[in-house]
There are 2 protein chains.
Amino acid sequence: MNKVNKKEDTTIQEILLDEKDYAILHLLQQNARTTVKEIADKIHLSTTPVHERIKRMEASGVIKQYATIVDNTKVKKGLMVICYVSLKQHSKNAGVKFIKVINELNEIIECYSISGEFDFMLKVMCEDMNAYYDFHVNKLSSIENIGHVQSVFVMGVIKQTHQLVYG
Amino acid sequence: MNKVNKKEDTTIQEILLDEKDYAILHLLQQNARTTVKEIADKIHLSTTPVHERIKRMEASGVIKQYATIVDNTKVKKGLMVICYVSLKQHSKNAGVKFIKVINELNEIIECYSISGEFDFMLKVMCEDMNAYYDFHVNKLSSIENIGHVQSVFVMGVIKQTHQLVYG
DNA sequence: ACTGAAATCTCCATTGT
DNA sequence: ACAATGGAGATTTCAGT
């Protein structure tokens, strides 16, 4: 018997989504509060399978979060700055310490490890230029092991979506 | 009579949020499906005012969207590329045409007008390097009026949140 | 796996303070 | 402007196919 090919033996579950799952995701990405019934009607299924598919995608981590998107300009967080950072040292320990501080700073809403001359790219949101100056001087630049920092200011938002189109 | 200072005369509504509104936003940002009752319990209010405050924030545009956040690595959209673009011409008409195309390309999930040597920064999500190459050559570079394009590849996601911390 | 219906819980308008 | 109440509608579970 070929045990390897039996599904029951795989410990790590493969997540395979079909077209109905993608259709559900498409609707939920537009509005996380879309009701199960509404989704069921639109994709021509009853509520039970829709409900089960959503629960499965939540459990498998395909659905990470139901988030509320706030208009930053209306809550005194209207200034977006893209911030490039390089470290002086690149040891594993230095990197871990840097990441710890990044996660503690609330102004930083995104941080990526990137290719090129800089090590990280940060997306920073704050009230205005004064607040950014304070962040830059007192928070970012005072992190130990910080090398160069370069700020690119966002003047306008052209497009911003979470909608991934599949297929 | 000093009409200017009368609130009734202002056509554009000032959105003033108090601490309870921020507390509601804080909970909703973590989970857009948090029930009104649950929020009411946590901030020590009944459901009626919580419901009214949420509706008010929806109507005033403070709450832009209830979005479902999908794990891109699990839906074959695991490659993130930050893409810098400069235009050849900077006339208003040329800009408008560019923005139109940007909105039509599903791989581009964010686009900002930025300071510095480039005109725009794009966040692009696709399946793999082959898909990105196709996007770059056949979609992005074939837009008329495109000048320089520079790609920065995201190697790792350190932090990614929608949670803005107020105050 | 999907359907249909029943049970539980949430929303939301009304009423009263 | 907030609390309490009850009908409408949603989620979720369970039987059946």
Side-chain angles (χ1 to χ4, degrees), chain A residues 5-10 12-70 74-75 162 166-167, chain B residues 5-10 12-71 74-75 166-167:
Chain A
N5 285 334
K6 294 198 79 169
K7 249 192 179 174
E8 289 73 34
D9 293 324
T10 59
I12 298 159
Q13 279 285 46
E14 264 271 3
I15 304 146
L16 286 172
L17 304 174
D18 63 14
E19 281 177 20
K20 282 171 184 170
D21 291 315
Y22 283 123
I24 292 168
L25 282 181
H26 187 79
L27 293 168
L28 282 177
Q29 279 183 94
Q30 287 171 344
N31 182 8
R33 292 200 157 182
T34 312
T35 63
V36 173
K37 188 175 158 37
E38 205 176 323
I39 296 169
D41 290 346
K42 280 188 182 164
I43 67 171
H44 307 292
L45 253 78
S46 70
T47 58
T48 314
V50 172
H51 184 253
E52 277 171 359
R53 282 163 183 273
I54 292 170
K55 290 295 154 197
R56 204 178 305 142
M57 290 193 283
E58 287 172 0
S60 62
V62 171
I63 292 175
K64 281 205 292 192
Q65 200 198 350
Y66 298 107
T68 296
I69 310 302
V70 172
K74 293 181 178 169
V75 291
H162 302 277
Y166 312 104
Chain B
N5 285 334
K6 294 199 79 170
K7 249 194 177 174
E8 289 72 35
D9 291 325
T10 59
I12 296 159
Q13 278 285 49
E14 264 271 0
I15 303 146
L16 286 172
L17 304 173
D18 62 15
E19 283 178 19
K20 282 171 184 169
D21 290 315
Y22 283 124
I24 292 168
L25 281 182
H26 187 80
L27 293 168
L28 282 177
Q29 279 183 94
Q30 287 172 343
N31 183 7
R33 291 205 156 178
T34 313
T35 63
V36 173
K37 186 171 160 39
E38 206 176 322
I39 296 169
D41 290 346
K42 282 189 181 163
I43 67 171
H44 307 293
L45 251 80
S46 72
T47 58
T48 314
V50 172
H51 185 254
E52 277 170 0
R53 282 163 182 272
I54 292 170
K55 290 295 155 198
R56 205 177 304 144
M57 291 193 284
E58 287 173 358
S60 61
V62 171
I63 293 174
K64 280 204 294 189
Q65 197 197 352
Y66 298 107
T68 297
I69 310 302
V70 172
D71 187 334
K74 293 180 178 169
V75 291
Y166 312 103

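Order of the sequence lines fixes the chain letters, A, B, ..., with proteins taken first and strands second; residue numbering starts at 1 for each chain.
For the salt bridge (charged side-chain N to carboxylate O under 4.0 Å, His left out) condition, no pair includes a residue of residues 24-36 of chain B, sequence neighbours left out. Applying the ring-ring contact (aromatic ring centres under 6.0 Å, His included) rule to pairs touching residues 16-51 of chain B yields B:Y22-B:Y166, sequence neighbours excluded.
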At a cut-off of 3.5 Å, list every protein nitrogen or oxygen paired with a nitrogen or oxygen from nucleotides 2-5 of chain D, distance to 0.1 Å.
unit_1: D:dA3; atom_1: OP2; unit_2: B:S46; atom_2: N; d: 2.6
unit_1: D:dA3; atom_1: OP2; unit_2: B:S46; atom_2: OG; d: 2.5
unit_1: D:dA4; atom_1: N6; unit_2: B:T48; atom_2: OG1; d: 2.9

With the criterion being N/O to N/O and under 3.5 Å, what pairs connect the protein with nucleotides 6-9 of chain D, and how long is each?
none

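Side-chain contact between B:L28 and B:I39: present, with at least one pair of heavy atoms (C-beta onward) separated by less than 4.5 Å.
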Let me have the donor-acceptor pairs involving side chains of residues 57-66 of chain A, under 3.5 Å, with sequence neighbours excluded, atom names and distances please.
unit_1: A:E58; atom_1: OE1; unit_2: A:K55; atom_2: NZ; d: 3.3
unit_1: A:E58; atom_1: OE2; unit_2: A:Y66; atom_2: OH; d: 2.6
unit_1: A:S60; atom_1: OG; unit_2: A:R56; atom_2: O; d: 3.0
unit_1: A:S60; atom_1: OG; unit_2: A:M57; atom_2: O; d: 3.4
unit_1: A:Q65; atom_1: NE2; unit_2: B:Q29; atom_2: O; d: 3.0
unit_1: A:Q65; atom_1: NE2; unit_2: B:Q30; atom_2: O; d: 2.9

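Mapping heavy-atom proximity under 4.0 Å, the span of DNA chain C touched by chain A runs 5' to 3' from C:dC2 to C:dG4.
The side-chain hydrogen bond (donor to acceptor under 3.5 Å, both in side chains) check on A:H162 picks up nothing, with sequence neighbours excluded. Remark: B:N31 engages no residue in a side-chain hydrogen bond (donor to acceptor under 3.5 Å, both in side chains) (not counting sequence neighbours). For A:E38, the salt bridge (charged side-chain N to carboxylate O under 4.0 Å, His left out) partners at least two apart in sequence or on another chain are A:K42. In this structure, A:K20 has no salt bridge (charged side-chain N to carboxylate O under 4.0 Å, His left out) partners at least two apart in sequence or on a different chain.
Shortest non-hydrogen contact noted between A:A32 and B:A32 is CB-CB, 4.4 Å. Here the closest heavy-atom approach between residue B:I43 and residue B:A23 is recorded as CG2-CB, 3.9 Å. Heavy atoms only, all atoms of each residue included: A:T34 and A:L27 are closest at OG1-O, 3.7 Å.
The structure places CG of A:D18 at 4.0 Å from CZ of A:R53, a figure rounded to the nearest 0.5 Å. The CG atom of B:L17 lies 9.5 Å from the CD1 atom of B:I24; values are rounded to the nearest 0.5 Å.
In the displayed structure, A:K74 atom NZ is contacted under 6.0 Å by more than 12 heavy atoms of other residues, nucleotides or ligands.
Within residues 33-41 of chain A, the residues having any heavy atom closer than 4.0 Å to DNA chain D are, in order of number, A:T35, A:V36, A:K37.
Comparing the helix axis at one end of the helix from C:dA1-D:dT17 to C:dT17-D:dA1 with that at the other, each defined from 5 consecutive pairs, gives an inter-axis angle of 10° (nearest 10°).
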